[in-house]
Peer 1: 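This is the structure, below, for whatever I ask next.
Each chain gets a letter, A, B and so on, in the order the sequences are listed, and its residues count up from 1.
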2 protein chains.
Amino acid sequence: MPSANASRKSQEKPREIMDAAEDYAKERYGICSMIQSQEKPDRVLVWVKDLTVQKADEVVWVRGRVHTSRAKGKQCFLVLRQQQFNVQALVAVGDHASKQMVKFAANINKESIVDVEGVVRKVNQKIGSCTQQDVELHVQKIYVISLAEPRLPLQLDDAIRPEIEGEETSTSQAVFRLQSGICHLFRETLINKGFVEIQTPKIISAASEGGANVFTVSYFKNNAYLAQSPQLYKQMCICADFEKVFCIGPVFRAEDSNTHRHLTEFVGLDIEMAFNYHYHEVMEEIADTLVQIFKGLQERFQTEIQMVNKQFPCEPFKFLEPTLRLEYCEALAMLREAGVEMGDEDDLSTPNEKLLGRLVKEKYDTDFYILDKYPLAVRPFYTMPDPRNPKQSNSYDMFMRGEEILSGAQRIHDPQLLTERALHHGIDLEKIKAYIDSFRFGAPPHAGGGIGLERVTMLFLGLHNVRQTSMFPRDPKRLTP
Amino acid sequence: MPSANASRKSQEKPREIMDAAEDYAKERYGICSMIQSQEKPDRVLVWVKDLTVQKADEVVWVRGRVHTSRAKGKQCFLVLRQQQFNVQALVAVGDHASKQMVKFAANINKESIVDVEGVVRKVNQKIGSCTQQDVELHVQKIYVISLAEPRLPLQLDDAIRPEIEGEETSTSQAVFRLQSGICHLFRETLINKGFVEIQTPKIISAASEGGANVFTVSYFKNNAYLAQSPQLYKQMCICADFEKVFCIGPVFRAEDSNTHRHLTEFVGLDIEMAFNYHYHEVMEEIADTLVQIFKGLQERFQTEIQMVNKQFPCEPFKFLEPTLRLEYCEALAMLREAGVEMGDEDDLSTPNEKLLGRLVKEKYDTDFYILDKYPLAVRPFYTMPDPRNPKQSNSYDMFMRGEEILSGAQRIHDPQLLTERALHHGIDLEKIKAYIDSFRFGAPPHAGGGIGLERVTMLFLGLHNVRQTSMFPRDPKRLTP
C-alpha cells in the first residue's frame, strides 16, 4: 500500500489535524496517494454484502463509499456503501483511534471512497438503516482512496429527501442489473434453441422503410443513414440459410415524439426465423423466449425486483404457459363490449391498448399476451397477407401490462407479391430494389419480430417511463451525457 | 400442405410436362403455392445432417436447396443442401416417379428450395461430394417450396470453380457461426465473473476523443456525432459503482483507411473494471476472458474451424495459461536483436508488430500475448502514467498472430491529473469538461480495454481480411448492401 500522508492531497484539507504532534494514531489514517498501481499488496478486501455474523470478531479490510457520517462526542458513525449494500462503521477514541483520527473520519467528504480496517462486531439491536443489520465495523484504520469534492454544506434536496437519494442509487443499480439479465436470458434461451447471433450494420446507404424518421450521417463525401431496424439484414441471413438468427443492437428513430415510451435511440432485441409451414412456429418460439426471460428474472433477480418495488411498488408480473393468443377481432369485440367504438380495420390507439390490457388481465389473469392477425391495412408493405381473409395479415404484436413490446409478422418471401404490395403502398420500387432482389434466389418462408429492451425492462418492473430504464436516454431534446 | 400445381407459378415453366395426360405420378411433384401459413400439417422435416445409416430404409421428408442437379437417362441426381450439409437425392423412373417427374426434377432451377419425400438408402460406395456420404435419398415426391430465378445457363464463374462456390457458402456459414460463438463465450465468461452488461449510446453530443475521425449526424435541428468508443460511458458506470461492466456494440471510425484490418463500423467488445490496487488485476481478467473464448471455440466449434481450414488452411491457434506478458522494453530488445531500429518511445508499426509476433511465437510458442507498459507518449491523454517511470504508462495491447486485437490501460481517475494530462496533449478542456467532471465525486481506480470482434474472428481462424469476418462490411468505399 502506498503510505498514508504521502500525497499532495494530504496537504490540502485536514491540515490542522495532520499537524498535531502528539497523535498516537497518526499512522492509522490519512489520504492515500493516488493509486497508480505502484504495488500489489496481499491485502484482501471483503465485500460489504459478506459482512455478517459469520464474520463476527474477525479483522477485515473493506472498501466503500462514505454514504453518511455523523460525529457525536468521541465517536463517529459512518455508513459505508458498496453498490446496493451498506454497513455501519464506528470510529471511537480508544486504543486504535485518537481524537484526531475521529475528527479526520468525521470530515471526510461524502461519496469519497475509503479503505477501512476494522473488527466485525455483532450488534445487539438491528441497524435498520443498513442492509447489513446484524454487525458493525469497529474501525482501526481508515484511508481515503479517492476523495470526492465537497458538495454544498446543505442542499435543499438533502434536507427534503435524505433517504430517497440512497434508495435511488440502489434502485438504479437494480434496474440495470435486471436489464443486463434480460439480455443474458434472451441470448441464453436463443442459443439453446439453435439460433445464431448476427451483427448488422447501423450505417446504411438507403433509408430502410421508405425514408421517414431516419437520421442522416455525413459519410466521407456522401450521405448515409442510421438503420431504423436490422430487418433487411436479418432477412438476408435467412435467405443465406442461417435458419434462426437474432441480434441485439441500437435502433435509431428520428421521430419527434416526446412520450413516456419513445426514445430516438433504443436497444432492439431482434429475432428472425425460417419456418416450415406456419408462422405460428415462429410466433410461439418468440413468445416462449419471452416467457423464459420472465421466469429467469423471477428466479435469478428477486433481490433486484424487490429493491425496485421498494421505491416503485408494483404487482408481480403475471404470465401464462403457453402464452395467451387473441385474434385482433376478439380484441375488438372485447373493446366494443367495453364501449369503445372502432372500425374493423382501425389500429389500436395507446389508450385502447391499455384498456385492452386491463380487460385481458381481468378475464385471463395475465400481463403478457399475443395479439394475432392484425388488419393488413395497418401493417408495413412486407407483411404477409392472410390467405383466408384479404383484410387480415399474418402479423402479431405482443403486450406487457397493456403496452406493446414487440411487433412481428410473417414476411413476404416472394418477390412478385412483395412488388405488388409495395406498389399498393405507393413505395418507389427503385428505393427497395436491393430488398426485393434478395428474395429472387429462393427464400424460405420466414417470420420474426423486434423487441424494445427498455420497454421490456420498464413494463416488467411496472415503471412508467423508458427514461428510467435507459442509462443514457436519447430523445429529441436530450443528447447528454 | 397446399396442394401441388395450385399456384400461378405452376403455369409458368414446366407447362409441357404438367400438361402430359398420362402421367401416373402427377400428384407426386409440382410447384407449391406460396406458403402463406394456410395450414399446419403434421409433417415432420428431418435435418439433412441427421440423414445417416441409422435412418436407413426410413421414409423421411427433407427440405433443402437444389445445390446441383444432373440428369442421366431415366435418372436425375440432385444434391440437396441445408446450411453446410448436403445429401444426394435420386429421382428415377419406376413405381413412384414417372418420366415426366424426372424431367421436372431435372429442370428445377438451382438454389430453389424443395420439399422431398424419400427413402433413406445406404450406399455401397461413399459419396465423396456430399457431407452425408453413407446414404442417399430415393425420392418419392418432390415439391418446389420457393423457386429461385434461373441464372444464366453457364456463367464463367460456374465453369471455373463449381466446387469452390459450394465451399464458400459453407465457409461463410462456419465463420459467422464461430463469430456468434465468440460473442456468446465473451458474455458467458464475463457474466460468470460477475460483470454487468451495459448499453451505451451511439449518438453523442460531442466527439469523444478530440474530434478527429468522427461521423456527424443531423439530429433534428442540430448536429450530433457517432460514438468512436463506449469508453466514457463505461467509465461513468464504474464511477456509479457497477464495479465490472461490459458492452457489445457498434463502434464508428471515420478514418479513410483502406487496409485489410480497418472498417468504418465494427463491433466492439468492451470491458471496464474497478480494481483494488493494481491494474494487472484487470489486465489478467481480460486476458483470461480471451483464453476462455479460445478454449470454448476449440471445444465447441471444431466442425466450423475445420470447415474454414479446408478452404483457408491454417495452423491451430496456440495460447498459454497464464497468458504471456512482455513489457514494451523487452519487445524492443527482441526487435532490435532482429535488426529493427527503433527509439524507446516509438510506437510499433504494423510490420514490426507482425515481426514481433513471429519472434514471440518462435521463443514462447504462443499466438496470444500481452504487451505491457507502452511508452506514455504514444497513448491517449487519459492513460495513467507509470509512477515508477515517467516515460512509461500503465497500458497494454493484446495480440493474436502478431496483430493487435485489444488496446487497454489503467485510466486516470483523478480529475486534477486528468486535467494536467489533457493540457499536456493540447486538448481543449471545454470539450472534455463533462468527462473530467465525472471523476469529481470519488472515482475508484479502474482499467479496461476494447476488443475488435471482426479481428478476433479473423485472427483466430488465420484469415487475412476483416471483410471475411464482417457480414456487411463498411469501409470508405463500401456502404452496401
Peer 1: Do A/V175 and A/Q179 touch side chain to side chain, with heavy atoms closer than 4.5 Å?
Peer 2: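 No; the side chains remain at least 4.5 Å from each other.
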Peer 1: Specify which of A/F176, A/F472, A/F266, A/Y279 makes the most heavy-atom pairs with chain B at under 4.5 Å.
Peer 2: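 The option with the most such pairs is A/F472.
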Peer 1: Could you tell me which residues satisfy ring pair (Phe, Tyr, Trp, His ring centres under 6.0 Å) with A/F252, sequence neighbours excluded, listed by chain and number?
Peer 2: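 None.
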Peer 1: Between B/T480, B/T264, B/D386, which has the largest tally of heavy atom pairs under 4.5 Å with chain A?
Peer 2: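 The answer is B/T264.
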Peer 1: Using heavy-atom distances under 4.5 Å, tell me whether B/Q199 contacts chain A through its side chain, its backbone, both, or neither.
Peer 2: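 Contact with chain A involves both backbone and side-chain atoms of B/Q199.
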Peer 1: Under a 4.5 Å heavy-atom cut-off, does chain B meet the side chain of A/F275, its backbone, both or neither?
Peer 2: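 For A/F275, backbone and side chain are both near chain B.
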Peer 1: Need one label for A/I191: side chain, backbone, both or neither, based on atoms under 4.5 Å from any heavy atom in chain B.
Peer 2: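 For A/I191, side-chain heavy atoms alone lie under 4.5 Å from chain B.
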Peer 1: B/Y233 versus chain A, heavy atoms under 4.5 Å apart: side chain, backbone, both or neither?
Peer 2: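 Contact with chain A is through both the backbone and side chain of B/Y233.
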Peer 1: Determine, using ring centers only, whether B/F220 and A/F215 are less than 6.0 Å apart.
Peer 2: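 A/F215 vs B/F220: aromatic centres under 6.0 Å.
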Peer 1: Please identify, among A/Q82, A/K221, A/M236, A/Q84, the residue contributing the most non-hydrogen atom pairs under 4.5 Å to chain B.
Peer 2: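 The answer is A/M236.
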Peer 1: Less than 4.5 Å to any heavy atom of chain A: does that hold for the side chain of B/P385, its backbone, both, or neither?
Peer 2: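 Both backbone and side chain.
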Peer 1: Is there a side-chain contact (heavy atoms from CB on, under 4.5 Å) between B/E188 and A/R187 once you walk through the steps?
Peer 2: CA-CA 10 Å; B/E188 190 180 75; A/R187 291 191 195 99; over 6 Å; no
Peer 1: Report the residue from B/H446, B/H413, B/R411 that forms a side chain to side chain donor-acceptor pair (under 3.5 Å) with B/Q235.
Peer 2: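 Only match with B/Q235 under side chain to side chain donor-acceptor pair (under 3.5 Å): B/H446.
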Peer 1: Heavy atoms only, distances under 4.5 angstrom: which of B/D241, B/I198, B/N223, B/V144 has the most pairs with chain A? Name it, please.
Peer 2: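 So the answer, after comparing B/D241, B/I198, B/N223, B/V144, is B/D241.
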Peer 1: Under 4.5 Å, counting heavy-atom pairs only, tell me which of B/R65, B/R177, B/H280 racks up the most with chain A.
Peer 2: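 Of the candidates given, the most pairs with chain A belong to B/R65.
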Peer 1: Can you say whether A/Q410 sits under 4.5 Å from chain B via the side chain, the backbone, both, or neither, judging by heavy atoms?
Peer 2: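 For A/Q410, the contact with chain B is made by the side chain alone.
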Peer 1: Say whether, by atom type as modelled, one donor and one acceptor occur between the side chain of A/T469 and the main chain of A/E454 under 3.5 angstrom.
Peer 2: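 Indeed, once roles are kept as given, a pair shorter than 3.5 Å links the two residues.
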Peer 1: Looking at A/S470, A/C183, A/A434, A/G249, which makes the most heavy-atom pairs under 4.5 Å with chain B?
Peer 2: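 Maximum pair count with chain B is reached by A/C183.
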Peer 1: In plain terms, say whether B/K202 and B/E265 are close enough for a salt bridge, that is, a side-chain N and a carboxylate O under 4.0 Å apart.
Peer 2: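 Salt bridge flag = no for B/E265 with B/K202.
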Peer 1: Donor-acceptor pair, distance only, cut-off 3.5 Å: does the side chain of A/S180 make one with the backbone of B/E197?
Peer 2: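 Judged by distance alone, yes, a pair lies under 3.5 Å.
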Peer 1: With distance as the sole test, does A/D475 use its side chain to make a donor-acceptor pair with the main-chain N or O of A/R478 at under 3.5 Å?
Peer 2: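 Such a contact is found between A/D475 side chain and A/R478 backbone.
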Peer 1: With a 4.5 angstrom heavy-atom cut-off, is it the side chain or the backbone of A/N276 that approaches chain B, or both, or neither?
Peer 2: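 Contact with chain B involves both backbone and side-chain atoms of A/N276.
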Peer 1: Determine the minimum heavy-atom distance between B/I203 and A/R474, stating which atoms define it.
Peer 2: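 Minimum heavy-atom separation between B/I203 and A/R474: O-NE, 2.7 Å.
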Peer 1: Under a 4.5 Å heavy-atom cut-off, does chain B meet the side chain of A/A447, its backbone, both or neither?
Peer 2: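 Neither part.
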Peer 1: What part of A/P445 lies closer than 4.5 angstrom to a heavy atom of chain B: side chain, backbone, both or neither?
Peer 2: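 Side chain only.
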Peer 1: Between B/V267 and chain A, with a heavy-atom cut-off of 4.5 Å, which part of the residue counts as in contact: side chain, backbone, both or neither?
Peer 2: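 Only the side chain of B/V267 comes within 4.5 Å of chain A.
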Peer 1: Tell me, out of A/L45, A/T200, A/I248, who's got the most heavy-atom pairs with chain B below 4.5 Å.
Peer 2: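 So the answer, after comparing A/L45, A/T200, A/I248, is A/L45.
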Peer 1: Please flag which part of B/F439 lies under 4.5 Å from any non-hydrogen atom of chain A: side chain, backbone, both or neither.
Peer 2: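 Neither part, no heavy atoms under 4.5 Å.
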Peer 1: B/V196 and A/Q173: side-chain contact (heavy atoms from CB on, under 4.5 Å), yes or no, with the steps?
Peer 2: CA-CA 10 Å; B/V196 173; A/Q173 280 264 348; over 6 Å; no
Peer 1: Measuring heavy-atom distances to chain B, does A/R440 have an atom under 4.5 Å in its side chain, in its backbone, in both, or in neither?
Peer 2: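 For A/R440, the contact with chain B is made by backbone and side chain together.
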Peer 1: Less than 4.5 Å to any heavy atom of chain B: does that hold for the side chain of A/I412, its backbone, both, or neither?
Peer 2: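 For A/I412, no heavy atom lies under 4.5 Å from chain B.
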Peer 1: Measure distances from B/R388 to the heavy atoms of chain A and classify the residue's part below 4.5 Å as side chain, backbone, both or neither.
Peer 2: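 It is the side chain, since no backbone atom gets that close.
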Peer 1: Output, in order, the C-alpha distance, side-chain angles, deciding distance and verdict of salt bridge (charged side-chain N to carboxylate O under 4.0 Å, His left out) for A/K40 and B/E281.
Peer 2: CA-CA 9 Å; A/K40 297 186 181 183; B/E281 297 165 33; over 6 Å; no
Peer 1: Can you name the residues that form a salt bridge (Lys or Arg N to Asp or Glu O under 4.0 Å) with A/E243, not counting sequence neighbours?
Peer 2: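 For A/E243, no residue satisfies salt bridge (Lys or Arg N to Asp or Glu O under 4.0 Å) once neighbours in sequence are set aside.
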Peer 1: Quick check on B/P250 against chain A: is it the side chain, the backbone, both or neither that has a heavy atom closer than 4.5 Å?
Peer 2: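 The side chain, not the backbone.
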Peer 1: Given a strict heavy-atom distance threshold of 4.5 Å, which part of B/D256 is in contact with chain A: side chain, backbone, both, or neither?
Peer 2: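 Both backbone and side chain.
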Peer 1: What part of A/Y219 gets within 4.5 angstrom of chain B, counting heavy atoms only: side chain, backbone, both, or neither?
Peer 2: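 Contact with chain B is through both the backbone and side chain of A/Y219.
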Peer 1: Are the side chains of A/M384 and A/L417 in touch, meaning some heavy atoms are under 4.5 Å apart?
Peer 2: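 The answer is yes, as the side chains (C-beta and beyond) meet within the 4.5 Å cut-off.
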